[in-house]
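Just so it is clear, the values below take in all heavy atoms, side chains as well, and ignore hydrogens, waters and symmetry mates. Within every chain, numbering begins at 1; the chains are lettered A, B, ... in the order of the sequence lines, protein sequences first and strands thereafter. All figures in this text were calculated on a predicted structure; none of them were measured in a lab.
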Amino acid sequence: MATGTTSSKAAAATRSSAGGSRRNGTPASTEAGRPTRRLVIVESPTKAKKIAPYLGRDYVVESSVGHIRDLPRGAADVPAKYKGESWARLGVDVDNSFAPLYIVTPEKKGKVTELKDALKGVDELLLATDPDREGEAIAWHLLDTLKPKIPVRRMVFHEITEPAIRAAAENTRELDQDLVDAQETRRILDRLYGYEVSPVLWKKVMPKLSAGRVQSVATRLIVQRERERMAFVSAEYWDIAATLDAGADASPRRFGARLVSVDGTKVATGRDFGPDGQLKTTDGSVRVLDEASARRLAEALDGRDLTVSSVESKPYTRKPYAPFMTSTLQQEAGRKLRFSAERTMRSAQRLYENGYITYMRTDSTTLSESAIQAARSQARELYGDAYVSPSPRQYTRKVKNAQEAHEAIRPAGETFRTPGEIAREVEGDDFRLYELIWQRTVASQMADARGTTMSVRVTGTAATGEETTFAASGRTITFPGFLKAYVETVDDQTGGLADDAESRLPELTQGQAVTATELNPDGHSTNPPARYTEPSLVKALEELGIGRPSTYASIIKTIQDRGYVWKKGSALVPSWVAFSVVGLLEHHFGRLVDYDFTAAMEDELDAIASGTQARTDWLSGFYFGAAQGTEGSVARAGGLKKLVGVNLEEIDAREINSIPMFGDVVVRVGRYGPYLERVVDGTSQRANLPDDLPPDELTAEIAEQLFAVPAEGRVLGTDPVTGNEIVAKEGRYGPYVTEILPEPAEAESSNGTKKKAAAKPKPRTGSLFKTMTVETVTLEEALRLLSLPRLVGIDPESGEEITAQNGRYGPYLKKGTDSRSLTSEDQLFTVTLDEAVEIYKQPKQRGRRTAAATPPLRELGKDSATGKPMVIKDGRFGPYVTDGETNASLRKGDSVEEITDERASELLADRRARGTAPKKTTARKAPARRKAPAK
DNA sequence: CAGTGAGCGAGCTTCCGCTTGACTT
């Protein structure tokens, strides 16, 4: 595709090339004879400061500070002229070639003004944003927003050294429109996915939830792991741990070995069992040793002769690890320093800004020439020539979707400062992180570690006649090489056996006799797969090619903020809501949460970037469904728009929010949190689930215990009058207090009297006032609430009782079927009969009651459309503007004090354009309110 | 998940990926 896909972009592209006065190179000077002045725009302010001196006085270097424009975040950001459009909610005109609506991000308006000013004094603009898809897009947005009337060129560099920067300024190119297209397509896909699927969750699970290409897969990984843990059956197996003695001359004299086979049959170890607790093989080639057999065998071996039956040794070499990129830095800082991803990045940002390290958001492990030399000379200085790799090492990438716009993360500069040298300036997290980065970088240019691995078999015949074999393995490092500088920490789940741990064996020869000094039967059980931690999740996401260096930390934050995941120590534990959401997505949007969806998307975006795939066709396939013969797996996702519509109709919210456990016990995700439910004798029984109970710890026994706890809630104390316990709880209608009635006496229920006699008295209840919370309400307040309704007196006219009560809409008076609202909750306890009678003399007000009582917050001028005067009033949903006929709420960013007549008219016009709000009847299936299942 | 009596102007929630201050206590 040679032309831009949107008209504005095509125009911008034309402008940029037609405006340039030379096709190659850049003008050396202006016609007036003074040197050409150029404005260079990079993304990061720190980078701008760094490269300015390299370029000299004829260059002005500024930064965009990331993206300057984006799709509108929500309705409030959509310019008035597009408000009424059907696609305004998405910010993408899906029926018109998916034309995006871009707005300058509100907080970047000042930045755009600054850049426009900077443009005034120069003769040429160099767009030096990062050399990747996002950077190319930022460059285009700058071009399209600043609309420069001078030549514009694209400048790219991968490392920040003076020669690299000077060369980049000399060898500029034009903007790559296809690459910009690829970014725009990615952006639109993510918007459509997120903004179409999230509302399905609001209606079917809970408001404010979210779905997205990245977060939904991250959540699914964590849920999937928890499911594996829940289904896991542990297996028990035994072996024998022996301590063997190789004689007084051996060094070390004693070494450990483990029983591996009996009569030629392998003894089962953890690896031989599946997640169901059964052996993976059933052909008899593996035998499970139980405790009794292990003990018997250990006894039968006591004092028997043992012989070394085989000795194998192999040379061992190990290469250093690649220098850090964002993901590996987060993983290692997580494992070694116990930093969260966010903490690592905060610290790295400080180190970067203060010039200690190179850029910290990178997916590259490449070191610049000078960095390689710096690392080598530092290694030489510290450890000697022998420890430096014979030739410079360059590490190539093996991770999906790398864009490699930057270098690896390493100490900054042409020579590295050792941790000791910066210890006075840098402390705390920053120092520890620097030390880690420094070690890893230096180690990456060091020599391989070398040594020998040995494996030894020792055999012996038990007194009972069985032939037994023990095995031992060890590693001798003869030359540590890079290990002298850096040892990587492995994940906890491998059982703490660090790969580089050295366990030494004595020199042994075949046929040599050894004796057992200890023979200990040893019991083990298999463990479920470990939960994800921040480091292991980042690793998994990176391997799937999901997320970018700048987003790993925020992905973890997002899935926690949405309530999908919580942290227990360092483990990431999924919530029950996550089970519902992931279940919904898997069943109804399966393709969208496939682990290879992003990988397929990236391949197809590459095709767009190389000009072989048309953007609009591809998005159309994704959103409207694949046209006949359309290629591409993303397009085959099934037509998102239709899928959303069908799913809104068909998804049964009750089913989606029910997670079957064991027996007939179901976890249900309700509006007010998760609870257990089961049907006993035709009635459903429920129990709250504690917030801090991980799903895999919910066993049948624990479920029984939870069902056995009657009504929980915060115990406030005892009612001095009745002796009943008073508790505060969260209920379907909000927080309330109630009393726990004593169980009916034993004798009555067991003597065969009719059930009628056992009719339970109902406990008193009372909603909390708005000023109270379950956490803070006192016993005294609770007793007052329970004393309601209060009899105010008898209406002298009708003879009816007038009572004061607290209800759904607040405090009110009730006389038969006639009611009147009270203005304060306090009046429930203070209003007198005379006052009540007075209130009843007023006719029942229809909604104007509050309006009449409270004057408008502010009066405005006349509405430009109707000519009627406008006023701001305070309503149930906050302040709104009205002309007496149409009402419109103030939006985010509007304030009562500052709103102008124009803005008020705009809101009213907008409201009129939308017409009356549609009645909410369909698709609003509040799961908690649907009737119980027939069973 | 407690069961109580109106009538009336809702609008917003949400995505991913680039980047840092400007705010308040």
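- Side chain of A/R562, nearest nucleotide from B/dT4, B/dC15, B/dC18: B/dC15.
- A side-chain N or O of A/S210 and one of A/R562 form a donor-acceptor pair less than 3.5 Å apart.
- Contact annotation for A/L192: no contact, since no heavy-atom pair falls under 4.0 Å across all strands.
- Residue A/Y352 is in sugar-phosphate contact alone, with no base atom involved, counting any heavy-atom pair closer than 4.0 Å across all strands shown.
- Figure legend: A/R69 and A/W140 shown as a cation-pi pair, the cationic atom lying under 6.0 angstrom from the six-membered ring centre and within 45 degrees of its axis.
- Remark: P of B/dG3 and CG of A/L785 are 16 Å apart, rounded to the nearest angstrom.
- Between A/K47 and A/D130 there is a salt bridge, since at least one side-chain N of the basic residue sits less than 4.0 Å from a carboxylate O of the acidic one.
- Nearest-nucleotide positions on DNA chain B place A/P199 closer to the 5' end than the other of A/P199 and A/T46.
- In this model, the phosphate group of B/dC18 is approached by a side-chain N or O of A/R548 to a distance below 4.0 Å at OP1 or OP2.
- Here A/A137 lies out of heavy-atom contact (under 4.0 Å) with every strand.
- Of the candidate nucleotides B/dC1, B/dT20, B/dG17, B/dT20 has the atom lying nearest to any side-chain atom of A/Q349.
- Residue A/G135 is classed as having no contact, given no heavy-atom separation below 4.0 Å to the nucleic acid.
- The side chain of A/R89 has B/dT14 as its nearest neighbour among B/dT14, B/dC15, B/dG17.
- For A/S767, the listed nucleotide lying nearest its side chain is B/dA2; candidates were B/dT14, B/dA2, B/dC18.
- For A/R187, taking side-chain heavy atoms from C-beta onward, the closest of the listed nucleotides B/dC15, B/dT13, B/dT20 is B/dC15.
- Where A/S44 and A/V737 each meet DNA chain B at their nearest nucleotide, the meeting point lying more 5' is that of A/V737.
- OP1 or OP2 of B/dG17 sits under 4.0 Å from a side-chain N or O of A/T551.
- Distances were taken from every side-chain heavy atom of A/S821 (C-beta onward) to each of B/dT20, B/dT19, B/dG5; the shortest belongs to B/dG5.
- As judged by a 4.0 angstrom heavy-atom cut-off over every strand, A/Y195 is placed among the base-contacting residues.
- Comparing B/dT19, B/dC15, B/dA2 by their nearest atom to the side chain of A/Y736 picks out B/dA2.
- Looking at heavy-atom distances under 4.0 Å, A/G212 makes contact with sugar-phosphate atoms alone, never a base.
- Backbone-only contact: A/S210 has heavy atoms under 4.0 Å from sugar-phosphate atoms and none from a base.
- Checked for salt-bridge contact, A/R154 and A/E136 meet the test: a charged N lies under 4.0 Å from a carboxylate O.
- The stacking criteria are not both satisfied for A/W202 over the base of B/dT14, which would need a centre-to-centre distance under 5.5 angstrom and an angle between ring planes under 30 degrees.
- In terms of phosphate contacts, A/S554 brings no side-chain nitrogen or oxygen within less than 4.0 Å of OP1 or OP2 of B/dG17.
- For the pair A/R678 and A/F707, the cation sits on the ring face: its NZ or CZ lies under 6.0 Å from the ring centre, inside 45° of the axis.
- At the phosphate of B/dG17, OP1 or OP2 sits under 4.0 Å from a side-chain N or O atom of A/R213.
- Checking the phosphate oxygens (OP1, OP2) of B/dC16, a side-chain nitrogen or oxygen of A/Q215 falls inside 4.0 Å.
- A/Y102 and A/H141 have perpendicular rings, their planes meeting at more than 60° on a 0 to 90° scale where under 30° would count as parallel.
- The shortest distance between the side-chain N/O atoms of A/R361 and the OP1/OP2 oxygens of B/dT19 is below 4.0 Å.
- Within the 4.0 angstrom heavy-atom criterion, base atoms lie near A/D70.
- Atom pair A/E184:CD and B/dC18:C1' shows a separation of 16 Å (rounding to whole Å applied).
- Listed candidates were B/dC15, B/dT20, B/dG17. Nearest to the side chain of A/M360 is B/dT20.
- When distances are taken from the side chain of A/H67 to each of B/dG5, B/dT14, B/dC18, the shortest belongs to B/dC18.
- With rounding to whole Å, A/R820 atom CZ is found 12 Å from B/dA6 atom P.
- Listed pair A/T882 / B/dG9 fails the phosphate criterion, with no side-chain N or O lying under 4.0 Å from OP1 or OP2.
- The residues A/K111 and A/E114 are annotated as salt-bridged, a charged nitrogen and a carboxylate oxygen being separated by less than 4.0 angstrom.
- Listed candidates were B/dT20, B/dT19, B/dC15. Nearest to the side chain of A/T558 is B/dC15.
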